[in-house]
Engineer: 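Just dropping this structure here.
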Amino acid sequence: QVQLVESGGGLVQPGGSLRLSCAASGRIFGDTVMGWYRQAPGEQRELVATITNGGMTNYKDSVKGRFTISRDNGKNTVYLQMNSLKPEDTAVYYCNAKDRYISSIDYWGQGTQVTVSS
């Protein structure tokens, strides 16, 4: 019923910025945590940032102070503002929506490529 579509990825130079967006095709109900994950070539998928429906945030240590996650519940959209990008940020970024109590509510987007290179 719910599909997530990411956009905003691309190629950027070190120190540059990108803003990722993730739009849901349907309403997301309940106590939902939305987040961004990433997977670099040859590495495990990892958490980048999460945000609750109340606006509480959590970040991977290496992106604190550089990335900002936000959401618009009325638009069913989550954003990731990425500043001061580094080559090690290069990865496919995935949007996720998960209910805290209902395990079957766990949606993923198709991913968007972020490449940081001079």
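Hydrogens, waters and symmetry mates play no part in the numbers below; they use all other heavy atoms, side chains included. Numbers for residues simply follow the sequence, beginning at 1.
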Engineer: So, is the end of the Arg45 side chain (NZ or CZ) under 6.0 Å from the ring centre of Trp108 and within 45° of the ring's axis?
Structural biologist: yes
Engineer: CG/Asn53 to CZ/Arg100 distance, rounded to the nearest 0.5 angstrom?
Structural biologist: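 One finds 8.5 Å between CG of Asn53 and CZ of Arg100.
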Engineer: Say whether Val63 and Leu85 are linked into one hydrophobic cluster, either directly or through other cluster members, by side-chain heavy-atom distances under 4.5 angstrom.
Structural biologist: yes
Engineer: Between Leu18 and Val114, is any pair of side-chain heavy atoms under 4.5 Å apart?
Structural biologist: yes
Engineer: Run through Asp89, Thr90, Val92 and flag the one making a side chain to side chain contact (heavy atoms under 4.5 Å, CB included) with Arg38.
Structural biologist: Asp89
Engineer: Quick check: closest heavy atoms across Val2 and Tyr107, and the distance to 0.1 Å?
Structural biologist: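 Minimum heavy-atom separation between Val2 and Tyr107: O-CD2, 3.4 Å.
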Engineer: Are Arg19 and Tyr79 in a cation-pi contact, defined as NZ or CZ under 6.0 Å from the six-membered ring centre and within 45° of the axis?
Structural biologist: yes
Engineer: Just wondering, do Phe67 and Asn83 contact through their side chains at under 4.5 Å, heavy atoms?
Structural biologist: no
Engineer: Within the distance-only criterion (no hydrogens, no angle test), does the side chain of Glu6 pair as donor or acceptor with the backbone N or O of Cys95 below 3.5 angstrom?
Structural biologist: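 The answer is yes, because a donor-acceptor pair under 3.5 Å joins these two groups.
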Engineer: Between Ala24 and Leu4, what is the shortest heavy-atom contact and its length?
Structural biologist: CB-CD2, 3.7 Å
Engineer: With heavy-atom distances below 4.5 Å as the criterion, would you say the side chains of Val33 and Ile51 are in contact?
Structural biologist: no
Engineer: Can you tell if the side chain of Asp106 reaches within under 4.5 Å of the side chain of Lys98, non-hydrogen atoms only?
Structural biologist: yes
Engineer: More than 12 heavy atoms of other residues, nucleotides or ligands under 6.0 Å from CD of Gln13: yes or no?
Structural biologist: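 Counting other residues, nucleotides and ligands, CD of Gln13 stays at 12 neighbours or fewer.
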Engineer: What's the shortest heavy-atom distance between Tyr59 and Thr68, and which atoms?
Structural biologist: OH-CA, 3.4 Å
Engineer: Look only at the side chain of Thr77 and the backbone of Lys75, and say whether a donor-acceptor pair between them is shorter than 3.5 Å.
Structural biologist: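 Side chain of Thr77 to backbone of Lys75, a donor-acceptor pair under 3.5 Å: yes, one is there.
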Engineer: Please report the closest heavy-atom contact between Ser117 and Pro14, naming both atoms and the distance.
Structural biologist: C-CD, 3.6 Å
Engineer: Without swapping roles, check the side chain of Gln81 against the backbone of Ile69 for a donor-acceptor pair under 3.5 Å.
Structural biologist: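 No; zero donor-acceptor contacts below 3.5 Å.
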